There are 2 protein chains.
Amino acid sequence: MKKRKSITDIARELNVAISTVSAVLNGKTEERRIGEATKKRVLDYTLNAGYKPNQIARSLRTGKSNIIGMLVEEIANPFFAEITSKVEKKAAQHNYELIYSSTENDVNKIDRLITTYKNRQVDGFIIAPTIGSEKKIKELIEDKTPLVLFDRYLPTLATNNVLINNFNGIYIAMEHLKKSGYMNIGFISTNSRQTNMQDRLSGYRSFVNEHNWDASILEIDFKIGDTIKPSVISKYLLKNLQLDALIFSTNYIALCGLSALQQIQKSISKTYGIISFDDNTHFDLFKPSITTIAQPIEDIAEGIIQTLLLKMKEENYNSPIITKTFEPKLIIRESTKK
Amino acid sequence: MKKRKSITDIARELNVAISTVSAVLNGKTEERRIGEATKKRVLDYTLNAGYKPNQIARSLRTGKSNIIGMLVEEIANPFFAEITSKVEKKAAQHNYELIYSSTENDVNKIDRLITTYKNRQVDGFIIAPTIGSEKKIKELIEDKTPLVLFDRYLPTLATNNVLINNFNGIYIAMEHLKKSGYMNIGFISTNSRQTNMQDRLSGYRSFVNEHNWDASILEIDFKIGDTIKPSVISKYLLKNLQLDALIFSTNYIALCGLSALQQIQKSISKTYGIISFDDNTHFDLFKPSITTIAQPIEDIAEGIIQTLLLKMKEENYNSPIITKTFEPKLIIRESTKK
DNA sequence: CTGAAAGCGCTTACAG
DNA sequence: CTGAAAGCGCTTACAG
């Protein structure tokens, strides 16, 4: 590759000191009291030559990279894709670059990624943590690395969290179904022990208990990257013919559940009330369109970036731990109209 | 953040020279003839202390980052998500890290991203190029930055490409439909001028011309991030009632088309033969399951990484330009059984 | 077999 | 108002 111009080259060609060029480039002409003429000469030259400072050198010197590392469960999942995209834009506004990777909820992968990112000297971490990654994340906390967890939390770790009220999300969905006349509601979820999934389950259980209903729960054994067989769900439906409505605990389970419903449409002719957690670009296109429990993605993204920015200010390393919890929102569509 | 141990700290604590530590860490104990005992001491110590070399410093010194930058159209699109994931794994096997971003086919964004990645000193680029980005990409070529384009090419740029035979993909799909008894096939695509889309259109036109059929083409005005209204497609179908089969030129158009078909199911009761470009995790779950023209993702990923690795070996900067073209594969499912 | 020194491209006290 | 020098953490010729 062609060698790029350095600040030294520019200083030599312009007959000024390296530090002068640096000051101009960093907008420190005031403190350093650089003359207008010198400033203009440097600016003209660098603009013209298309000079961009070498970030690597800058990082090495300042100990800051202006990079934020973000680890999500799976970037292909629309929820994570959207949130990453929003965080990326917000980070850019504050002059930070975002790099991200999928952990696939794999403890080894998350550990490896944290190490890699650390070696790249990221200034802060945003992580959707996996059960089992407590030890590695604890290292970050002990190093005083600015850090925000989101989507789920790790109960044993005292650090910053941005979450939603998963319990309430399901609870208001149940209330809506009840009001719409459904009385036998099945809850279809994964067997994940993550806090978000457990809280959604609790929301269901609480509502059912409070109303003296029978709980009917399907927990599917699922790992990221697996394809769920719709037959798992159709079998469950055929065994639980009393059900008149279904809540899916997350978007990919819902997609699979909708396939299952198509499969058994011939054998049992009934229309279920349907609600899915996570709104999805396609849910309003379905026939019937699907009622969803939407996460306030904009709020979450803003909550994450603001918390991290605060923590990345050096003087705030010892400020209190922050947890922000947002409320999800029910988007009512055709699938819950009796 | 806590300051990390440096090679200097280690050298001091072990009473050896910095260069000795460096040699051991880089496995150069042979050339540098480091004694077994010294080697063991250093290795034990660094392993124990969990020391990881500072990549920033290493990059600055060697001029190499061991990072590959990849720009795709939209990471949330399953095709790009999969290919990125595969390239990432292959790159890791060769000790390269992959960073990636979505261009959204936006020329400004792609230009900005290339600049950002250059400043991060990536060792090579993998790009799904956008029309209009010729100038910026030409700069990379002139700098002799290792570079591979994929998915589409830019006719005016002489550089390395990894592609599929889009023309043939549609052509064999048409042949299959004809053999299955369909004779009035509509082609539903975007109005994108990208080579991949244009080649797919050419495949359709050629087949139709060769068989003296009438062409029926819908080109939807679409930008990444847009939601296509299914009504655009249903209007087209209602105007072209002679059609008995449809080919969708890409996965998101197909998803939208399937919504449109549901909408008009009541008004026109007929079953279209359906084929979509790009296989998709959900296409085999649909009822009927959808016949697709699948891209050989594994081959494409391997083609990309091998080409780039070759170009990143310094001595190969002046080796000939490489173009690899793979054949797509028809996956026949229920949607094309009459 | 091992170490001292230069240098990658920056920023930042400090001296004048 | 401007410049010379140190130093971030490495690698790599080179000297012994």
Side-chain angles (χ1 to χ4, degrees), chain A residues 1-43 46 49-67 95 118-121 123 314, chain B residues 1-43 46 49-67 95 118-121 123 314:
Chain A
M1 276 190 268
K2 214 173 67 181
K3 207 168 145 297
R4 298 169 54 183
K5 269 211 163 64
S6 79
I7 210 173
T8 319
D9 298 328
I10 295 172
R12 189 172 0 90
E13 290 176 44
L14 254 52
N15 257 316
V16 297
I18 297 174
S19 52
T20 305
V21 180
S22 171
V24 173
L25 256 22
N26 289 298
K28 303 202 170 169
T29 58
E30 291 293 306
E31 305 117 89
R32 298 282 322 281
R33 285 175 300 173
I34 306 294
E36 265 308 315
T38 316
K39 178 178 166 186
K40 191 169 174 332
R41 276 179 68 217
V42 172
L43 245 29
T46 51
Y51 167 80
K52 296 280 172 188
N54 180 327
Q55 295 295 339
I56 301 270
R58 181 178 272 175
S59 289
L60 182 61
R61 176 58 227 242
T62 61
K64 290 197 43 169
S65 63
N66 275 320
I67 300 179
N95 213 13
K118 281 277 329 174
N119 293 343
R120 296 274 169 226
Q121 318 278 99
D123 292 337
E314 191 137 6
Chain B
M1 275 191 268
K2 214 173 67 180
K3 206 168 144 298
R4 298 171 53 184
K5 268 209 165 65
S6 79
I7 211 172
T8 317
D9 300 327
I10 295 173
R12 189 170 3 86
E13 290 176 44
L14 255 49
N15 257 314
V16 296
I18 298 175
S19 51
T20 304
V21 180
S22 171
V24 172
L25 256 23
N26 287 298
K28 301 201 171 171
T29 58
E30 292 292 306
E31 304 117 270
R32 298 284 322 281
R33 283 176 303 172
I34 306 293
E36 264 310 315
T38 317
K39 177 179 166 185
K40 192 169 174 335
R41 277 179 69 217
V42 172
L43 244 31
T46 50
Y51 167 80
K52 297 279 173 189
N54 181 327
Q55 295 294 339
I56 302 269
R58 182 178 271 176
S59 288
L60 181 59
R61 176 57 226 241
T62 62
K64 290 197 43 167
S65 63
N66 274 321
I67 300 179
N95 214 12
K118 281 272 339 172
N119 293 345
R120 295 276 169 223
Q121 317 278 101
D123 293 336
E314 192 139 4

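On a predicted model such as this, the values are computed, not experimentally measured, just so you know.
- Between A:I10 and A:T46, the closest side-chain pair of non-hydrogen atoms falls below 4.5 Å.
- For the OP1/OP2 pair of D:dT2 and a distance below 4.0 Å, the side-chain nitrogens and oxygens of A:T38 include at least one atom meeting the criterion.
- Residue A:T20 places its side chain closer to D:dG3 than to any other of C:dC8, D:dG3, C:dC10.
- Distance, B:N66 CG to D:dT11 P: 12 Å, rounded to whole Å.
- Between the C1' atom of D:dC8 and the CD1 atom of B:I7 lies a distance of 14 Å, rounded to the nearest Å.
- If you take CD1 of A:I56 and P of D:dG7, they are 23 Å apart, rounded to a whole angstrom.
- Computed from coordinates, the A:E36 CD to D:dC1 C1' distance equals 12 Å when rounded to whole Å.
- Nucleic acid contact for A:I18: base, since at least one base atom lies under 4.0 Å from a heavy atom of the residue.
- The residue A:S22 sits close to a base: some heavy atom pair falls under 4.0 Å.
- With hydrogens and angles disregarded, no donor-acceptor distance shorter than 3.5 Å links the side chain of A:S22 to the backbone of A:I18.
- By the 4.5 Å heavy-atom criterion applied to side chains, B:R120 and A:I67 are counted as neighbours.
- Toward the 5′ end of DNA chain C lies the nearest nucleotide of B:A17, the other residue of the pair B:L60 and B:A17 mapping further downstream.
- Atom CD in B:Q55 sits about 19 Å away from atom P in D:dC8, given to the nearest Å.
- Nucleotide D:dG16 is matched to C:dC1 when pairs are restricted to Watson-Crick or G-U wobble geometry with both distances under 3.5 angstrom.
- Close to D:dC10, at under 4.0 Å from its OP1 or OP2, lies a side-chain N or O of B:Y51.
- Atoms NZ and CZ, from B:K64 and B:R58 in turn, are 11.0 Å apart once rounded to the nearest 0.5 Å.
- We find the CG-CD1 distance between B:L43 and B:I34 to be 11.5 Å, quoted to the nearest 0.5 Å.
- For A:P53, whose side chain is taken as the heavy atoms from C-beta onward, the closest listed nucleotide among D:dT11, D:dC8, C:dC10 is C:dC10.
- The shortest distance between the side-chain N/O atoms of A:N54 and the OP1/OP2 oxygens of C:dC8 is not below 4.0 Å.
- Listed nucleotides: D:dC10, C:dG3, C:dT2. Nearest to the side chain of B:R58: D:dC10.
- Side-chain to base pairing of B:S19 with C:dG3: one donor and one acceptor N or O lie within less than 3.5 Å of each other.
- The CG-C1' distance, from A:D9 to C:dG9, rounds to 10 Å in whole Å.
- As a whole-Å value, the separation of B:K64 NZ from D:dC10 C1' is 16 Å.
- The listed nucleotides are D:dC10, D:dG3, D:dA6; the one nearest the side chain of A:R61 is D:dA6.
- If you check every strand for non-hydrogen atoms under 4.0 Å, A:K28 touches sugar and phosphate atoms only.
- For the pair B:L25 CG and D:dT12 P, the computed distance is 13 Å after rounding to whole Å.
- Contact check for B:L14 versus B:V21: no side-chain heavy atoms found under the 4.5 Å cut-off.
- A:S6 comes within 4.0 angstrom of sugar-phosphate atoms only, judged by non-hydrogen atoms across all strands, and of no base.
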